[in-house]
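Note sheet for the following structure.
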Amino acid sequence: MLSGIQPTADSFHIGNLLGAVQYWPRLQDTHDAFYCVVDLHAITVPTEPKDLHHRTLVSFAQLIASGIDPERSAVFVQSHVHEHAELMWVLSCLTGFGEAGRMTQFKDKAQKAGAESTNVGLFTYPVLMAADIILYGANAVPVGEDQRQHLELSRDLVQRFNARFGETLVLPEPYIMRGTAKINDLQDPTSKMSKSSPTGVVNLLDPLKTIEKRIKSAVTDSETEIRFDPVGKPGVSNLLTIIHGFTGRPMDEIVASFEGRMYGDLKKEAAAAVLAYAEPFQARVHELLADRAELERLMAMGAAKAQAVASATLDAVYEAVGFVRRSGR
Ligand code: TRP
């Protein structure tokens, strides 16, 4: 199992957590798990070096604070394992120009950036993602719906490689996580929560007071009834989903507990549920960031575990395509 997250923000938000990251620690029980902070992907969008640096460390610390055990799994930074970039080159030579151009995420991002500032890295982004997956022989890849097309490309590349060079690579499958919650923007509850909406997002590392204030200013509606109805009552349903996501209580039970109560109570409970998670989470993240030697030890341990697997795959790929092995290795 492998999954990756881009270090493109100073904090995970509750949509990242409830929609994906929250489920990653559980997969350690059933899978041989790899979790990657994909810093190579992050530079497809121009980023200040000091921001990238900070966000990479914070992302790594947050993965561990979320419950991933760095002893049991491999938690690592993508650029620490040079095989990612190397496998990507081989895969690039198997990817059609038109095939890469049809990726909808590329088309969206390119359109937003404009032809002049669209870089080639954005174009080959999905090929790098394929390399991430293929290096570890991952057959389970937990991703959201927006990554399905990229995963399809990874599958096509594996099949193409194996057909052309002999059975070498493992065919990945999307691992659709059951019960993942889609969290919406607090100010515009009909669109997905995103870091680009400053007042609609709840960052796990924001000051606790800010988290509370954001949730208490969430948009609801002009009625008073509390029921779960994402189409008719998107704001109220979003708050219910937040409570459900953080407490794990069944939705019916949560809704029943609000019978005859007001929106103010709903917001108060949603804020309390988030704070109960955020408080120890923040403490763990800050503890890790304050002990730089320990953080570096954990990153090095993850990179070593990852590289042991990645280098074996890359060797097999190099041999299959006909590269002459360098002697003495
Ligand atoms: N493209 C993914 C995203 O934006 C991040 C990612 C990079 C990834 N490499 C991956 C996800 C490999 C899963 C597997 O969310």
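Whatever order the structure lists ligands and atoms in, that order sets their numbers, starting from 1.
A salt bridge does not link Lys182 to Glu145: none of the charged nitrogens lies less than 4.0 Å from a carboxylate oxygen. The existence of a salt bridge linking Glu225 and Arg227 is confirmed by a sub-4.0 Å separation between a basic side-chain nitrogen and an acidic carboxylate oxygen. Residues Arg55 and Asp10 are paired through a salt bridge, judged by an N-O separation under 4.0 Å between the basic side chain and the carboxylate.
In this structure, Phe106 and Phe123 have perpendicular ring planes: the angle between them is above 60°, well past the 30° mark. Using a 30° and 60° split on the angle between ring planes, Tyr318 and Phe323 fall in the perpendicular class, above 60°.
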Check ligand 1 against the protein and report each N/O to N/O distance under 3.5 Å, formatted as atom name, atom name, distance.
residue	atom	partner	partner atom	Å
ligand 1	1 (N)	Tyr125	OH	2.7
ligand 1	1 (N)	Gln147	OE1	3.0
ligand 1	4 (O)	Tyr125	OH	3.1
ligand 1	9 (N)	Asp132	OD2	2.6

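A distance of 9.5 Å separates OG1 in Thr118 from CD in Gln111, rounded to the nearest 0.5 Å.
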